[in-house]
Amino acid sequence: MTQSVLAGFLLMAMSTLTLPGTAALGAEPADRVESHPGMLLEVEYSEAVFEFTNKRYLEAVKILDSLLQQKPDHFQALELKALSLKTVGNDAASVDVYEKLIKYKPRNERAPYHFELGMIFYRQKRLKEARPHLLRSIQGKFNVGVSHFFLGSIDFQNKEFRDAINHYRAAIPGVPDDLKVACHYYIGMIHAQRGYGPGATHSLMIARESAARIDNNDMARDLGAAAAKALAPYDKATWFGSISYQQQYDGNVSNISSSVSPEDATGKVSVKSNISFNGGYVGSPMRAVQTMATYRFNFNKNFNSDALDYEFATNTLSAYFTFQPLMKTNFGVKLEGNHGFQNRQDPATSKYGFRPYSYSGEVGPFLRAEFSETLHFSAEANYRAQTFNNDGTGTNVRSGNLIIPRLSLKIDTTSMQFNPTISGTYELNRARGSDQRSRTILVDLSNPIPLPSSHILSLGISAALTSYPERSPEIRSDTTLSARVGWQKPVSRKLALTGDASYSANLSNIPTVYSYKKPTVAFGLNYSL
């Protein structure tokens, strides 16, 4: 009844409208309607809107078909017909209408119809056909965020993971909150599939936390629960440890420590045994602050009796406190203490024994940032105070403090052979003896290379420039060049064979005293506890 009233009202309104002079000529009502042909179309369109509003979609389509027979390019009618057909699930007919709209409309007005076609084809799993329409929707600046989201979903299903991540990231600023959760969740799942743990945990944490802030949204709740389930294995503390043994040939043991002057020890060769232990406890990374405590022990036994002074046992305790460890950018502080012993001869008895050699304490902040999946940056700056028990005297006192800033950049490429880490270190040694004060710039490049049968090769080179600007009577400058090759082959889940070879050469401006060459070769075992 309401429909009839509306139509009657519009017809009455039309019957009162005449062109100038027509009333005086006594024109019939039909003549007056003919003077306004668009008004009847608007009546039909209004009736169709009424049917659509009351969810009588097929009735709306019938009315719109009648209207379109009279005016095929009536854009509002075409849009309403396409929407009605899509609502009742007649996608094929809806596609035909949207394609007509694209044909009739100027290029700069077609984006909404490309978006609708993209969504229909996506729903029908015709992903290849959906993609170009969603791209044109983005080009036309219509529903840009949602278009990026579904393009990401297409790439995710096609396992085009890098492109999927780019679309999901582009979608985040322009989609509703529940789709933001979905973007972070799927980015996390992609990282997990690709073995990129930090990226996976970071994105999944954001998805979980974002979902918790959305009320009464089933999709957000389900994705938040899925993210929490994926993160659950990370939410635990862990004990860890390993012990290793290496048998080594050392072509110049004098480079181990500065406890004995180079002129007294250069050139000593020895076969040696090295034993080391590393163990500790790391807290859950899901906490706001992750704690890690480690203990390291190193001991070497030299088989050359003339090199007993170069046997050392060192104990190192470290503690790390990392804030928001799973975020892409995190920071923290490191505390470390070291106590070393040296196999040294007792002047009174001439007997050798391990006696306190040095004490040191170190503290400093650190920062880690993941600029991208392939680029990882870290920085730290440490202050170390150290004391030597068997120290020099006067200008040769080695005890004092050091300031050691370090920058590092790790590059993960798609190549298995090229994933280098580049680091730069500056060491300012402020020893109390002026001859021992030094400045060192060290640049190091390393690169692991996986080989067939689980072999792992690690290559490295480094260069260090050291100056002793306060040394008297002659300033000392050294250049140390090193190359190394490491090898590892797992033989079980916990046991691995290890090996390494290195060669170092120190070039000094006082060559007779400080220049040296140091080749080493070692093989051994490493066991994870």
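Counting from 1, the numbers follow the sequence of the chain as shown.
In this structure, Asp306 does not pair ionically with Lys268, as no charged nitrogen and carboxylate oxygen lie closer than 4.0 Å. Under the 4.0 Å criterion applied to side-chain N and carboxylate O atoms, Arg484 and Asp444 are assigned as salt-bridge partners. The residues Arg437 and Asp435 are annotated as not salt-bridged, no charged nitrogen and carboxylate oxygen being separated by less than 4.0 angstrom. Ion pair Asp155/Arg162 not flagged as a salt bridge, since none of the NZ, NE, NH1 or NH2 atoms sits closer than 4.0 Å to an Asp/Glu carboxylate oxygen. The pair Arg355-Asp346 meets the salt-bridge criterion, with a side-chain N (NZ, NE, NH1 or NH2) lying under 4.0 Å from an Asp/Glu carboxylate O. The pair Glu336-Arg296 meets the salt-bridge criterion, since a charged nitrogen lies less than 4.0 angstrom from a carboxylate oxygen. With salt bridges taken as basic N to acidic carboxylate O contacts below 4.0 Å, one links Glu362 and Arg384. A salt bridge does not link Arg213 with Asp177: none of the charged nitrogens is closer than 4.0 Å to a carboxylate oxygen.
Phe312 and Tyr310 have perpendicular rings, their planes meeting at more than 60° on a 0 to 90° scale where under 30° would count as parallel. Note on ring orientation: taking the six-membered ring where Trp is involved, the planes of Phe331 and Phe323 are parallel (angle under 30°, cut-offs 30° and 60°). Ring geometry for Phe354 against Phe299 counts as tilted: the plane angle lies between 30° and 60°, on a 0 to 90° scale.
Shortest non-hydrogen contact noted between Ser276 and Asn298 is CB-OD1, 3.1 Å. Contact record, Gln342 with Asp309: NE2-O, 2.9 Å, taken as the closest heavy-atom pair. What you find for Ser434 and Glu470 is that their closest heavy atoms are O-CB, 3.6 Å. Among all heavy-atom pairs drawn from Leu308 and Ser305, the shortest one is CG-O, 3.2 Å.
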Do Glu427 and Arg439 pass the salt bridge (charged side-chain N to carboxylate O under 4.0 Å, His left out) test, and can you show the C-alpha distance, the side-chain angles, and the key distance before you say yes or no?
-> CA-CA 6 Å; Glu427 181 179 293; Arg439 299 170 185 170; over 6 Å; no
Could you walk me through whether Phe150 and Tyr122 pass ring pair (Phe, Tyr, Trp, His ring centres under 6.0 Å), step by step?
-> CA-CA 8 Å; Phe150 283 100; Tyr122 180 86; 4.9 Å; yes
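For Phe523, the CZ atom counts as loosely surrounded, since its 6.0 Å shell holds 12 or fewer non-hydrogen atoms of other residues, nucleotides or ligands. No more than 12 heavy-atom neighbours from other residues, nucleotides or ligands sit within 6.0 angstrom of NZ on Lys410. Heavy atoms of other residues, nucleotides or ligands lying less than 6.0 angstrom from OH of Tyr186 number 12 at most.
With hydrogens and angles ignored, the 3.5 Å screen pairs a side-chain donor or acceptor of Arg398 with a backbone N or O of Asn390. Judged by distance alone, the side chain of Gln345 and the main-chain N or O of Ser350 form a donor-acceptor pair under 3.5 Å. Asn526 places no side-chain N or O within donor-acceptor distance of the main-chain N or O of Leu497, the cut-off being under 3.5 Å. In this structure, the side chain of Asp391 engages the main chain of Ser399 through a donor-acceptor pair within 3.5 Å. A distance-only check finds no donor-acceptor pair linking the side chain of Asn304 to the backbone of Ser270 [under 3.5 Å].
The line from CZ of Arg476 to OG of Ser467 is 10.5 Å long, rounded to the nearest 0.5 Å. Note: Thr201 OG1 to Leu231 CG = 7.0 Å, rounded to the nearest 0.5 Å. To the nearest 0.5 angstrom, Ser515 atom OG is 8.5 Å from Asn509 atom CG.
Among pairs with a residue in residues 278-290, those fulfilling salt bridge (Lys or Arg N to Asp or Glu O under 4.0 Å) read Asp235-Arg287, at least two apart in sequence or across chains.
Looking only at atom types and distance, the side chain of Thr322 has no donor-acceptor partner in the side chain of Gln290 under 3.5 Å away.
Shown here are the side-chain hydrogen bond (donor to acceptor under 3.5 Å, both in side chains) partners of Tyr295, two or more places apart in sequence or in another chain: Asn315.
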